[in-house]
Amino acid sequence: MKADLSPRARLAVYGLACVLAIPFVFPTWWMVTSSFKPVQEIFTFPPALLPRRLDLDAYRQVFALQPFALQYWNSLYIAAVVTLGTMAVASLGGYAFARIRFPGQNLVFMIVLLALLVPGEVTIVPLFRFFLRLGLVNTHWPLILVPILGAPCVLATFIMRQFFITLPPELEEAGRIDGLGRFGLFWRIALPLSRPALGAVAIFTFLHSWNLYLEPIVYLSSPGKFTLPQALTQYVDAYGGPMWNVQLAAVTLTALPVLVVFVIAQRQFIEGLAHGGLKG
């Protein structure tokens, strides 16, 4: 039962929260405002909270120096496909481990969880040779298949399993009385109730795919197929130095989908994490 706070106490809590948020908000504020500044103004001390005038030249150069719109689309559609694929595989796998009893169930689940202990750098070379033999190097297929069938999906499966375990068995018993089979119980009862867990899986997976850096460097060589983390490293001057205002403008554009996804799914994200830790 929540205790009612007085107006003064509530104001004090909000004020303290705002003060504590400054170290987290200021770097983002500096990034966005500096993307509208010329290079000379970015490093002035003390730093200016607002640009003296809005300079949109950095945003123009973002799209002029390389095919940033195409690279943006590459990251967007890859992250979307990986997220949907991971949600599908993880929800099916999590439901199977939570509800279907078979010999060695816990052992198999522990073996699956061991994939989380294997660093991606360990498997990158054999995976590269595997995709090279299939002729899929310099395509987006490795960036789609590896996350859906790899460690990110294992974590998602664990979250979904923990959620399905918390569902009352009586719900499925009522479905069996209505004539539903195993897949019907999953599709009509368990999956619609798992929106909080799916929201958490969606955010985790989207962020992981969106921020992939090592894998695109290994698998992709054509600028038109680059994803955003790889593209951000290409904004350098003739001497190899960073073009700060252009990089900050590109990073600002890159951060927008992440903010949108989190704002849309933040409630399900928090509820999914809460449900995921209730029962082992």
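These figures come from a predicted structure and were not determined experimentally.
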### In one Ile/Leu/Val/Met/Phe/Trp/Tyr side-chain cluster, 4.5 Å: Tyr59, Leu65
yes
#### Entry: Heavy-atom pair with the smallest gap, counting every atom of Gly135 and Thr139
O-CG2, 4.5 Å
### Side chains of Pro216 and Leu143 in contact at under 4.5 Å (non-hydrogen atoms)
yes
### Worked verdict on Phe97 versus Phe158 for ring pair (Phe, Tyr, Trp, His ring centres under 6.0 Å)
CA-CA 9 Å; Phe97 281 119; Phe158 173 77; over 10 Å; no
#### Entry: Ser194 OG to Ile189 CD1 distance, which is reported to the nearest 0.5 Å
12.5 Å
### Query
Atom CD1 of Ile159 and atom CD of Gln162: how far apart are they, to the nearest 0.5 Å?
9.5 Å
### Message
So Thr33 and Leu49, do their side chains get closer than 4.5 Å, heavy atoms only?
### Response
no
### Axial cation check for Phe109 ring with Arg161, 6.0 Å and 45° limits
yes
### Message
When you compare the side chain of Asn245 with that of Pro38, does any pair of heavy atoms fall below 4.5 Å?
### Response
no
### Query
Ile144 and Val82: which non-hydrogen atoms are nearest, and at how many Å?
CA-CG2, 3.7 Å
### Query
Which residues satisfy the side-chain contact (heavy atoms from CB on, under 4.5 Å) test with Asn211, sequence neighbours excluded?
Leu207
### Message
Could you check whether any side-chain heavy atom of Ile111 comes within less than 4.5 Å of a side-chain heavy atom of Val108, counting everything from C-beta outward?
### Response
no
### Main-chain N/O of Pro223 paired with Gln66 side-chain donor or acceptor, under 3.5 Å
no
### Verdict with reasoning, Leu198 to Phe163, per side chain to side chain contact (heavy atoms under 4.5 Å, CB included)
CA-CA 10 Å; Leu198 287 174; Phe163 182 88; over 6 Å; no
### Task
Over all heavy atoms of both residues, which pair between Glu41 and Pro51 is shortest? Give the atoms and the distance, please.
OE2-CA, 3.6 Å
### Message
Are Val39 and Met243 linked, directly or through intermediate hydrophobic residues, by side-chain heavy-atom contacts shorter than 4.5 Å (ILVMFWY only)?
### Response
no
#### Entry: Working for side chain to side chain contact (heavy atoms under 4.5 Å, CB included), residues Tyr235 and Phe68
CA-CA 11 Å; Tyr235 292 107; Phe68 189 76; 3.2 Å; yes
### Query
Should Asp57 and Gln61 count as side-chain neighbours, where that means a heavy-atom distance under 4.5 Å?
yes
#### Entry: Tyr95 side-chain N/O to Phe164 backbone N/O, donor-acceptor pair under 3.5 Å
no
#### Entry: Under the side-chain contact (heavy atoms from CB on, under 4.5 Å) test, residues paired with Ser34 that sit two or more places apart
Trp30, Lys37, Ile42, Leu248
### Query
Distance-only, no hydrogens or angles: does the Asn74 side chain make a donor-acceptor pair with backbone N or O of Leu228 under 3.5 Å?
no
### Task
Determine, stepwise, if the pair Val89 / Ile148 fulfils side chain to side chain contact (heavy atoms under 4.5 Å, CB included).
CA-CA 8 Å; Val89 174; Ile148 292 178; 4.0 Å; yes
### Query
Who are the ring-ring contact (aromatic ring centres under 6.0 Å, His included) partners of Tyr219, not counting sequence neighbours?
Phe131
### Query
Within the side chain of Trp210, is there an N or O that forms a donor-acceptor pair under 3.5 Å with the backbone of Ala79?
no
### Task
To the nearest 0.5 angstrom, please state how far the CG atom of Leu149 sits from the CG atom of Leu145.
6.0 Å
#### Entry: Atom of His140, atom of Lys225 and distance for their closest heavy-atom approach
NE2-O, 2.9 Å
### Query
So if you build clusters from Ile, Leu, Val, Met, Phe, Trp, Tyr with side-chain heavy-atom gaps below 4.5 Å, do Ile78 and Val258 land together?
no
### Query
What closest approach, in Å, do Ala115 and Val154 show between heavy atoms, and which atom pair accounts for it?
CB-CG2, 3.9 Å
### Query
Does atom OH of Tyr14 have more than 12 heavy-atom neighbours, drawn from other residues, nucleotides or ligands, at distances under 6.0 Å?
no
### Message
Tell me if the CZ atom of Arg176 is crowded by more than 12 foreign heavy atoms within 6.0 Å.
### Response
yes
### Same apolar cluster: Tyr72 and Val32, side chain cutoff 4.5 Å
yes
### Query
Can you tell me if Thr205 uses its side chain to pair, donor with acceptor, with the backbone of Ala202 under 3.5 Å?
no
#### Entry: Check: Leu180 main-chain N/O paired with Asp178 side-chain donor or acceptor under 3.5 Å
no
### Task
With rounding to the nearest 0.5 Å, note down the distance linking CZ in Arg133 to CZ in Phe128.
12.5 Å
#### Entry: Exercise: identify the closest heavy-atom pair between Ala197 and Met160
CB-SD, 3.7 Å
### Task
Report yes if some heavy atom in the side chain of Val218 is under 4.5 Å from a heavy atom in the side chain of Leu214; otherwise report no.
yes
### Summary
d(Thr254 OG1, Gln71 CD) to nearest 0.5 Å is 9.5 Å
### Message
When you compare the side chain of Arg99 with that of Leu167, does any pair of heavy atoms fall below 4.5 Å?
### Response
yes
### Query
Would you say Phe102 has more than 12 foreign heavy atoms packed within less than 6.0 Å of its CZ?
yes
### Summary
Value for OG (Ser35) from CG (Leu56), rounded to nearest 0.5 Å, stands at 9.0 Å
### Query
According to the interplanar angle, ranging from 0 to 90°, do the rings of Trp187 and Phe183 count as parallel (below 30°), tilted (30 to 60°) or perpendicular (above 60°)?
parallel
### Query
Crowded around Arg182 CZ? As in, over 12 foreign heavy atoms under 6.0 Å?
yes
### Message
Tell me if the CZ atom of Phe130 is crowded by more than 12 foreign heavy atoms within 6.0 Å.
### Response
no
### Message
When you group the ILVMFWY residues by side-chain heavy-atom contacts below 4.5 Å and let the links chain together, are Val125 and Leu136 in the same group?
### Response
yes
### Task
Show your working on side chain to side chain contact (heavy atoms under 4.5 Å, CB included) between Phe36 and Leu50 and close with a plain yes or no.
CA-CA 9 Å; Phe36 294 101; Leu50 292 172; over 6 Å; no
#### Entry: Any donor-acceptor N/O pair, Gln105 side chain to Ile100 backbone, under 3.5 Å
yes
